[in-house]
2 protein chains.
Amino acid sequence: MTGNRKTASTSVTIGDIARVAGVSRSTVSRAFSRPELLNPETVRRVKAAADELGYVMNHAARALSTGRFGNVAVVVPDIANPFFPPLVRRVQTLADAAGYAVFLGDSDEIADREANLTSRLSAQVEGFVLASPRLDEDRIRELDASRPVVLVNRDIEGLARVLIDPSGGLDEAVAHLHRLGHTRVVYLSGPRESWSDQQRRAALARAAGRAGLEVIVQELGRPSSAGGRDAVGGILASEATAVIAFDDVVAQGVMAGLALRGIDVPRDISVIGCDDTLASGTHPALTTISAASAAAGDAAAELLLGVLASGERSDARVTIATHLVVRATTEAAHTIGG
Amino acid sequence: MTGNRKTASTSVTIGDIARVAGVSRSTVSRAFSRPELLNPETVRRVKAAADELGYVMNHAARALSTGRFGNVAVVVPDIANPFFPPLVRRVQTLADAAGYAVFLGDSDEIADREANLTSRLSAQVEGFVLASPRLDEDRIRELDASRPVVLVNRDIEGLARVLIDPSGGLDEAVAHLHRLGHTRVVYLSGPRESWSDQQRRAALARAAGRAGLEVIVQELGRPSSAGGRDAVGGILASEATAVIAFDDVVAQGVMAGLALRGIDVPRDISVIGCDDTLASGTHPALTTISAASAAAGDAAAELLLGVLASGERSDARVTIATHLVVRATTEAAHTIGG
DNA sequence: TTGAAAGCGCTAACAT
DNA sequence: ATGTTAGCGCTTTCAA
């Protein structure tokens, strides 16, 4: 025999419906995809036959024929990082409403895994949302050449992207620390490849420069609570009185590490996080920089769905502002010698 | 013209490779799917040509021909609920390693959305992981009849499922509270449709009965921090001295609400969460019942991939034990009249 | 070990 | 408004 002998056990095809409804297969096809071209009565008869037989579309066949899949993919470096779930959720919700199913890819922060995922997925999706991609620019452009991609927190000229701009929040954070009397702050960086980290680092340097605050950058690599905890030694050694962490998870780790050594926050040291993912659930409640990952998800989904609906590529650059959310971890005043 | 005029701009097909490698299309196909049938040298030449051209498989075409898609789906009630990301992550990782891409569905806790997702997805996946499904048993069985389903935290006879058994942790929690002198505890329930909630409720009732502890159940609906916060009034009215929350998120909300009213945890009241998703990042560090959602993800993925690999359905019932993780929120002793 | 040919279920140009 | 026909990219029998 040839081809596929036994697909899903007893799958009902367009041909079966055609037979039952007494029309051609094209007519059945049209009854589903372009019913306005058909006699309403014919459509009715076809749909009735379909229901009776329990017909379900074979998407693979349709995709093969049209080149369209009705799927999009969202890939993230780490779905367990609390920044991403709200984003993924909005993308999934909006995509679903527009009739798309969504693939999830988790690159585990590694660029090559991301490359594998995207190339594997590109064969069955209409487009991509790449959140904080670790891929190099060339590979991203290459991908975008075959399928529209929308970037989140990565700024590549000519591609659609939604960017969370940390400068607003960081300006406020620096002003806040300055007002409190701090003169030296350590920044616990995120992954080198992370656009977000580069932005935060640069924005912090600018703001600190203006305010006359000294910034010591401490490299951390993959952001994690454990990483934050282990960074405490270095922080203490620097004699800084405040720390700004790459994200809330790291900040939480720092606070845990500080607590382990009996160091009080905010009396002895101030801590500021980023992303506002841990809300007020830390001890003490964490001062942080908002990030609105859900808003980023909305924007990304709208961008992608817009491109898919219109067929026209976009190089929109939507930016999302941030601000400082002051909570308990920066309460105490640090006056010089205080 | 007929059929598809312009698929992905310049997609490389088997035919292109065949031309370059100077073999037939069947040979190219075999080089990928059954290389052991071919002369190793031929395989090498074909793969070289494929690499050179930048070939990527058209999964839709393969699926159409074989009836297999190479995709699985994981559907959750709320990806933003911290219980699920670690689970999803493990499923994604193991599925990827086995050559499957994964669809993510988020039902937003509503059964009909879940039904839509699963039926939409069943046309392009090999199988499902349904985490804490809100669907009724009939619809789940129906789905399982067409594609293998692995359930997480839902116990349906005859289906493959992985269950987190709360009784170990709850027994310990009750013993712990009893030892501390508590006599009345409120349980803040989760969604009614939730198997986990039913289990927790029942296990708690059993344990409390044995220990002579009074349990007051307070309905909460969708678990959220805000819900926990708003439940504080009722908790206080009940005059209970301890609360066990459906999950850590709710527990965190309770603590926030308590703090707002100036009520000290654990001096005035003890709080215990479930799932250990917030680690020690709360204030004070939350006593909780472990849940190991990552382990559940591993088990679910292994079950599903096993079924897909062997072609044999499974009705395995894997259970994951829990235990109490004591932290600061239950430190103080409540002796009668104390 | 390899090639030829048919067909998976669907869509779309073309004809009517 | 509907039927005819070819073909999307792949796998698989069958023949060599």
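To find a chain, count down the sequence lines: A is the first, B the second, and so on, and within it residues start at 1.
The nearest whole Å value for the distance from the CZ atom in R25(A) to the C1' atom in dC8(D) is 13 Å. Rounded to whole angstrom, the span from the CD1 atom of I17(A) across to the P atom of dG3(D) amounts to 14 Å. Atom P of nucleotide dT11(D) and atom CZ of R68(B) are separated by 12 Å, given to the nearest angstrom. Across the protein-nucleic acid pair, R34(A) atom CZ and dC10(C) atom C1' stand 15 Å apart, rounded to whole Å. Regarding L64(B), its CG atom lies at a distance of 9 Å from the C1' atom of dC8(D), rounded to whole Å. The separation between N58(A) atom CG and dC10(D) atom P is 16 Å, rounded to whole Å. Between the CZ atom of R30(B) and the C1' atom of dT2(C) there is a distance of 6 Å, given to the nearest Å. Spacing between atom CZ of R44(B) and atom P of dT2(C) amounts to 13 Å, rounded to whole angstrom units.
Taking every side-chain heavy atom of T42(B) into account, dT1(C) is the closest of dT11(C), dT1(C), dT12(D). Taking only side-chain atoms of A61(B), from C-beta outward, the nucleotide of dT2(D), dC10(D), dC10(C) with the closest atom is dC10(D). Ranking dG3(D), dA5(C), dT11(C) by closeness to the S26(B) side chain, first place goes to dA5(C).
For R45(A) (side chain) and V23(A) (main-chain N/O), no donor-acceptor pair under 3.5 Å exists by modelled atom type.
With 3.5 Å as the limit, one finds no donor-acceptor pair spanning the side chains of N58(B) and Q124(A). Using modelled atom types, one finds a donor on one side chain and an acceptor on the other under 3.5 Å when comparing S24(B) with T27(B).
Contact annotation: T27(A) reaches the phosphate of dG3(D) (side-chain N/O to OP1 or OP2, under 4.0 Å). Between S24(A) and dG3(D) there is a side-chain polar atom (N or O) within less than 4.0 angstrom of OP1 or OP2. Between S11(A) and dG9(C) there is a side-chain N or O to OP1 or OP2 distance below 4.0 Å.
Residue T66(A) places no side-chain atom within donor-acceptor reach of the base of dA12(C), judged by atom type and a 3.5 Å distance cut-off alone.
When heavy atoms are screened at a 4.0 angstrom cut-off, Y55(B) is found touching the sugar-phosphate backbone but no base atom.
Ranked by how close their nearest DNA chain D nucleotide is to the 5' end, L38(A) and T13(B) are led by L38(A). Take the nearest nucleotide of DNA chain D for G15(B) and for L37(A): the residue whose nucleotide is more 5' is L37(A).
Electrostatic pairing of E142(A) and R139(A) does not count as a salt bridge here, judged by no charged N lying under 4.0 Å from a carboxylate O. With respect to the salt-bridge test (charged N to carboxylate O, under 4.0 angstrom), the residues D144(B) and R141(B) do not qualify.
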